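Right, I'll just put the structure down here and ask away after.
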Amino acid sequence: MENINGIGASAGIAIAKAYCLEEPEFKIEKKLIEDAESELKRFEGAVNQSKTELQKIKEHANRELGTDKADIFEAHLLVLSDPELLNSVKEKIENEGLNAEVAMKEVADMFVSMFESMENEYMKERAADIRDVTKRVIAHLLCVQVPNLSLVSEEVVIVAEDLTPSDTAQLNRKYVKGFTTNIGGRTSHSAIMARSMEIPAVVGAKVVTTEIENGALVIVDGIDGTVIANPSSEVLKKYEEKKTLFEVQKAEWAKLKNERTVSADGYHVELAANIGTPEDVKAVLGNGGEGVGLYRTEFLYMGRDQLPTEEEQFEAYRTVLESMEGKPVVVRTLDIGGDKELPYLDLPKEMNPFLGFRALRLCLEMPDLFRTQLRALLRASVYGNLKIMFPMVATLDEFREAKNILLEVKEQIKGTGSAVSDDIEIGIMVEIPSTAVAADLFAKEVDFFSIGTNDLIQYTMAADRMNERVSYLYQPYNPAILRLVKMVIDAAHKEGKWVGMCGEMAGDEVAIPILLGLGLDEFSMSATTILQARSQISKLSRVEMSNVLEQILNMKSAQEVEELIKRKFFDLISY
Ligand code: PEP
Ligand code: MG
């Protein structure tokens, strides 16, 4: 028994037998067939079986995970109805006398390499869909079982190289107690799914598939990022206790669902959630979110081959506003660029995309695109408590220009007789150091700030947030960052404006006590962290935290800050 270390992707402890997910092995032999007709029938049979299977997976995903996740399988079904693909396979069977599996593979390989060679990211993704679907059809032709995780009927921990969207969509929460994978990081697809399904998970554990045997007893500690196979009875007992403790803790947190977030000395702060799609609102309300602090609208624009229409956007914004029932919803206008591409805009490649033509810069240069989004937002404003914020603001002029366009669009809509709320706050993300440093100037003109630490840290430390090699410089607790955050909060409060934070730091248990002491008004985080944060804040005194600020802001390193917080305030929140 040895500990395998990975990345804790979803908190909790799972203890169950290992279910090693193995990729099926295909032996495809080329044969010349004599009876083309019966081969065509065999092919059609395999396609139909695959369609039925996919339909079931889609329904399962729809029930368990929401329509956006289920859409992946709609795309797979579309591949299986594509006449160009199907006819090419049939022609190979009829004209070249090839057996169905070889014909299917040859056609699929051709389509895959065609899509993969395209510049457009969206089209490239289609290659993955074709590969996934082809595997399913060939498996049926060869009578090989494709692993179907929805058929798991006893308590297990899944051990896999990685989990694809089709794998995660099939997980049955009743039986799948946790999972661990060789690859992946905190933001990989499988990690995000684990958190939204509340299944303990350790990803990026490199050797789990080689070290763990099918059926072995496995502990997945998603809190510390550890996996243990065949534990001794002593270790097992320790983790059973940790599991119970975590569950007691979670039950405690659950009681806070309908409570306001109040510190031990009576200060109220707002705990909101970051969302990417209207479906995410369910989790916000389910976890007692007091609002949406960041709606990343770019997901409406991604994974498709053209811009969303005004109507599509209006429906999405209205749904979110209505479902939040009057609670504040901060919608961020399109923040594309950097790591988020929109291939169909066909923008030239840049040397430094994070420092390039992105977000508000792009919206100001493409007024039609910007105005369409603003029109959709303003029309939706009457359905709830909408606040609009602009991303990546570097200068006051940018903010003024964006605000003027917004006001112009508003007047136009009113001119057509449509209703628009007169109570929409207009704010900005503070994620560029120039804006943080000049926060006092901005504070006079904006209604609120939301500090985007994901970017603010990378720009302040000059450390690419996606680059593993410089990740040691990505330091939320560095006194330089904390001083900047303080400047922003103080500047806003001086003008009577509120300040939120929607970067990952807002939900970080080491940062939370400091941010409380600094006077942050709104913390926006992933929905599943809200209750834990509410519990943490209820045990902290804001006055006490503000009293240690001077010491913290004068520390020499991020590490010193972290140690102090853990030493002084962590016994309050340890599991
Ligand atoms: C941020 O930069 O902190 C932020 C919330 O925006 P994103 O992560 O979408 O860049
Ligand atoms: Mg950002």
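For clarity, every value in this text was computed on a predicted model and none was experimentally measured. In listed order, ligands and their atoms are each counted from 1.
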The Mg ion (ligand 2) -> D455, closest N, O or S atom is OD2
Within the heavy-atom cut-off of under 4.0 Å, ligand 1 is lined by L294, R296, R332, D335, K340, M429, E431, G452, T453, N454, D455, R465, C502, G503
- [ ] Look at the rings of W253 and F246 and say which category their plane angle falls in: under 30° parallel, 30 to 60° tilted, over 60° perpendicular.
- [x] perpendicular
Next item on the list: Could you walk me through whether S535 and S538 pass side-chain hydrogen bond (donor to acceptor under 3.5 Å, both in side chains), step by step?
Entry: CA-CA 5 Å; S535 162; S538 73; 4.8 Å; no
>> With respect to the Mg ion (ligand 2), please indicate if D335 possesses an N, O or S atom at a distance under 2.8 Å.
In response: no
### Message
Is it true that Q306 and Y301 share a donor-acceptor pair across their side chains at a distance under 3.5 Å?
### Response
no
By salt bridge (Lys or Arg N to Asp or Glu O under 4.0 Å), D335 pairs with (sequence neighbours left out) R332, K340, R358
*asked:* With a 4.0 Å cut-off on N to O distance, would you call E198 and R173 a salt bridge?
replied: no
Starting from the C-alpha separation in whole Å, work towards a yes-or-no answer on side chain to side chain contact (heavy atoms under 4.5 Å, CB included) for V548 and I514. CA-CA 9 Å; V548 286; I514 307 173; over 6 Å; no
### Query
Do E563 and K566 meet the salt-bridge criterion of a basic N to acidic O distance under 4.0 Å?
no
The N/O/S atom of E431 lying closest to the Mg ion (ligand 2) is OE1
